Amino acid sequence: MIFLVDFLSAVVNGISMGAIYGLIALGLTLIFGIMRIINFAHGALLMLSMMVGYWIWKFSGVNPYLMIIVVAPIMFCFGYFVQRVFIKPVLDAQKDVREPIAVLLLTAALAIVFENLALMVFGADYVMAKTTVTDATIALGGITVSAARFYALILALVIAYAFYLFLQHTELGRRLRACGQDRNTALLMGIDGPKTFAIAFGIGTALLTVAAIVLLPFYYVHPTVGNVFMTKAFIVVVLGGLGSVPGALLGGIIIGLIESIGAQYMTATLTTVVVYLVFLLILFVKPSGLFGSRLEW
Amino acid sequence: MLLFRGRYTKLVGLILVATMMMSFVVGCGGGSESGSDKVETIKIGNILPLSGSAAPLGKIGQQARDMAVEEINAAGGIKSMGGAKIEMIYADSKGDPATGVSEAERLITHEQVALITGCYQSGVAMPSTEVAERYGVPYFVPVPSEDQITERGFKYVFRLAEKTSWRNRDQVKFIKEMSEKFGTPVKTVALIYENTSWGQGAVRAWEKYIPEAGLEIVLKEPYPSNSSDLTPVVLKCKNLNPDIIMLVSYVSDAALLTNTFAEHQVKPIAFIGTSGGFADPQYFELTGDNCEYYFDISTWEPDVNRPFSAETNKKFTEKYGYAMNAEAVKAYVAMYIIADALERAGSTDPEALRKAFAETKITEGPTQMYASEIVFDETGQMVNAPLVICQMRKVDGKMQRVTVWPEEEARPGFEVVWPYPGVGQ
Amino acid sequence: MDIVQKKKIGLIVIILAIALSIPLFVTKPYYIHVITMCLLWAYLASSWNLFCGFAGQLSLGHGIFTAVGAYVTIMLFNDFNISPWIGMFAGGAAAVLLSTLIGYPTFKLRGAYYALATVAIGSGVMVLIENTMTLGPFHVGGAEGLIVRLMGNAPAYLQFMSKVPYYYLALAMLVIVVVFSYWLKNSRLGFYLSALKEDEDAAAALGINVRNAKLVAAAYSAFFTAIGGVFYAMLIRYLEPMAIAGPMMSNEMVFLAVVGGSGTVFGPVVGGITLHAISEVIQFYFSDMAQGLHLFIYGLIVVFVIMFKPQGIIDILQKYYNRFLGISDRGEDESSVS
């Protein structure tokens, strides 16, 4: 039997990690929702964000959380650039094709390029940005919680909420949602399609950066670190519903809880299978996810 | 836009056709240049994971080998072959067995290497050694510890590393001895291991040795080696409150586990790692003080009382910026064993080499930093497993691995800290 | 028979003649090995294409079929001494069963959802294999992998010391799958598939049983893929779940087929041979320079091919082929244009 204290620890940990998954999924759901692209380079972009964050921290010593202000715009530009230069031409060429497989493969190939570029430039070593937050714990009424993960949870909630407000109440947010709902009508309405897509990709990448920074204090950085999170991010996106901000966060937390609590009753490797099963169940029963609409495409 | 694509279409098409033809030409016509039987250089093939998630391991393996070969060549090369120098040819296995196989094929049939060494991962070692066996080319395995590598009746495969099961055997022995010495009864053991062949192999050994010692396994917890979070595993373990926690991990998960154990204040009588990630130079960077008082088992530590050990490690540190670990030492020492076999064989003839390896008996020279005597049994397995247990301790403000067992090898002036401070709180 | 048909046949004869005689010119086993691997990948890409290319579905989990084919066959061989020549049909049958079981729930998913489902299933199967040591009387090996019992030179058991028989086997397999692809594409099922690829709802409205069409095509694909897995197992003689069921296997098949030209008969063949040859050549020349350089270059090549030719390499070759046959790009026989 598991003690209540440890059960609660598992719950809190599950929610914290889940919030991080949600944060990673946020960028993905934006890209997936607006452009209908399965972005297989998402993990590699997370890795690049972590690398940039780590090296800036290494040379400047500035607290990683403050660095978000610097790194996010950098990665936004990078994402914008990638979309405009690489993805746009292929997306256009496949405009009339029902399933733009080529785009998916392009992102997968880009992931390989980024990963090995990072390997060549930054080296293969595993590094971590050890700050005061690393290893610190917070006592919440008897439960010990990792400080870094807790801050991650807070930040994830804040960013998700801010992003939600952005989508609902700003002009740009409305444009993004319009493109997501119906690309052609949006174009007819005079919305600049290519530019909006590029901005969407840029924002998606910037959101990733927040997740990357939040991971830095307690997770290692390495050229292949992105792969660890990527499949989970996709599962969260589908679970939560395409293009839904609350869905991404909630979906992430659900997955985090399954992993955390499930591991108390079975081996960690089997919880992975459980997560996949849950995912498949969602796909078969309600593919639009928790908050998605019933629109198919 | 249309024009742009039209212009490039022809170019891309031409490049692709040319590539196809080039690969064909390489295939058919490339045979003329090799055939360098000039005994001025002896080619040795090295299969290592130079890309992918095990890249850091491949890198340090390469560095250790290079340092040894530099020394050997500078000292006159292989004298029985007219001072022939060793030439190292590296092949990237990418951590993938199929790539390991095709690289082995390439090294043997195209590069015509005299022998092969490699390849860090047991999953790659298994099939690639089979390739060498089929061609009758010696394959020297310094690091992979999967038991079965030398249990298949192969004649051309020789292994320096200890078998995984020997590490587990000695870990259990250590537990019993310490428990008696310090009067702390030990009953329960938790096993946490990464879920690939390495971890699973260790579990099989533990399942044999632990019950034999009268102990009880209360947890067998495999985890995916690239987990994003191991808190669930830690909490599960904490809940069972085992006396001993034993771990098999690569560096990133070892660090994750150590840090998470510290976060949640898990305090068993002892933490015992099984080399691998715990012995990686980056482990200290990633864990800081959290790993203090952990035990680890390996075949070499920076402070072992063996000839050549301190100087070689110093040289390596100065050259590459970080210290050696047991795997690097095995790779380094392996080159000397190979050089010794080449000397005695007097030629690169595979059969002569194989015989030379089988008859190896080295008791002098740099190989002593690993073991006092290098001898292989009839399965090609090195018989001495100079296993030592170290404890991570802070020495003059810096975390170090301090050898504490067996007594002959222990660093003077250090007592084992057993049990783990604050146990049971 | 007119001149176009004569040219086509002539071309086929020449290609076959060259292919059959390669082992006579190329003596180094390493090169035979590389060419055999190229043929194997061309075969696997074509097998994937049978369903995914023709029906326009993106399966990113096809590794489960290579795995099932390989594991079933090898387990029957290791533990019951059944020759892989016979065992491979059991492996193929198992794959067909698996594909049908999965097909029922997954085929009503569209586009990206289907792709993600296959990713989940692929990963799930891999994890399951990694965690299974024994299955009844069979030794599976879990993550430690399964060694194929070595018999030296045993043609009756699909084991050869020389590389050359593997080459001919791979060649035969490739020819068979290409012929089958051609037949499938031009059969009624093939027409149904291209209809539903274009627009599933319209096809259903026309009275096509979309689900059955998909199930049958997927079964064909699964069977061929499984046989490919068996070949891989007999060539490498060691099964590791990560390698044979994992993302590397699944993604590679898709890469090769799409870069070559998915939905065509020869696209995956071209993609498989060319891309794998390129990756071997790059590894050959660059892998000992900087760590990761060869993969970086390989990735860049794929990126550029996709960017400039999303329809696949076959598109380029098609132009030259047409020119050779004397057909204009509109498909008319140029010599007969008045």
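The model shown is predicted, which means the values in this text are computed figures rather than measured ones.
- No other option in A:V113, A:L110, A:L119 has as many heavy-atom pairs under 4.5 Å with chain C as A:V113.
- Side-chain contact between A:L283 and C:Y114: absent, with no pair of heavy atoms (C-beta onward) separated by less than 4.5 Å.
- Only the side chain of C:L109 comes within contact range of chain A, with heavy atoms under 4.5 Å apart.
- C:L116 places a side-chain heavy atom less than 4.5 Å from the side chain of A:F279.
- Of all non-hydrogen atoms in A:F284 and C:K108, the two that sit nearest each other are O-NZ, 2.8 Å.
- Comparing C:V125, C:V258, C:N251, C:I297 by how many heavy-atom pairs each has under 4.5 Å with chain A, the most go to C:V258.
- Considering every non-hydrogen atom in both A:L106 and C:M307, the closest pair reads CD1-CG, 4.1 Å.
- Atoms CZ and CZ, from A:F114 and C:F296 in turn, are 9.5 Å apart once rounded to the nearest 0.5 Å.
- In this structure, no portion of A:V278 lies under 4.5 Å from any heavy atom of chain C.
- The neighbour count for A:M51 CE, taken as heavy atoms of other residues, nucleotides or ligands under 6.0 Å away, is above 12.
- Between C:V119 and A:T231 the shortest side-chain heavy-atom distance falls below 4.5 Å.
- Expressed to the nearest 0.5 Å, how far CD1 of A:I87 lies from CD1 of C:I306 amounts to 11.0 Å.
- Listed here is the closest heavy atom pair of A:A109 and C:G299: CB-O, 4.0 Å.
- With chain C as partner, the option from A:L117, A:V273, A:T107 having the largest number of non-hydrogen pairs under 4.5 angstrom is A:L117.
- Between A:I112 and C:F255 the shortest side-chain heavy-atom distance falls below 4.5 Å.
- With rounding to the nearest 0.5 angstrom, the OG atom of C:S262 is 9.0 Å from the CG atom of A:L105.
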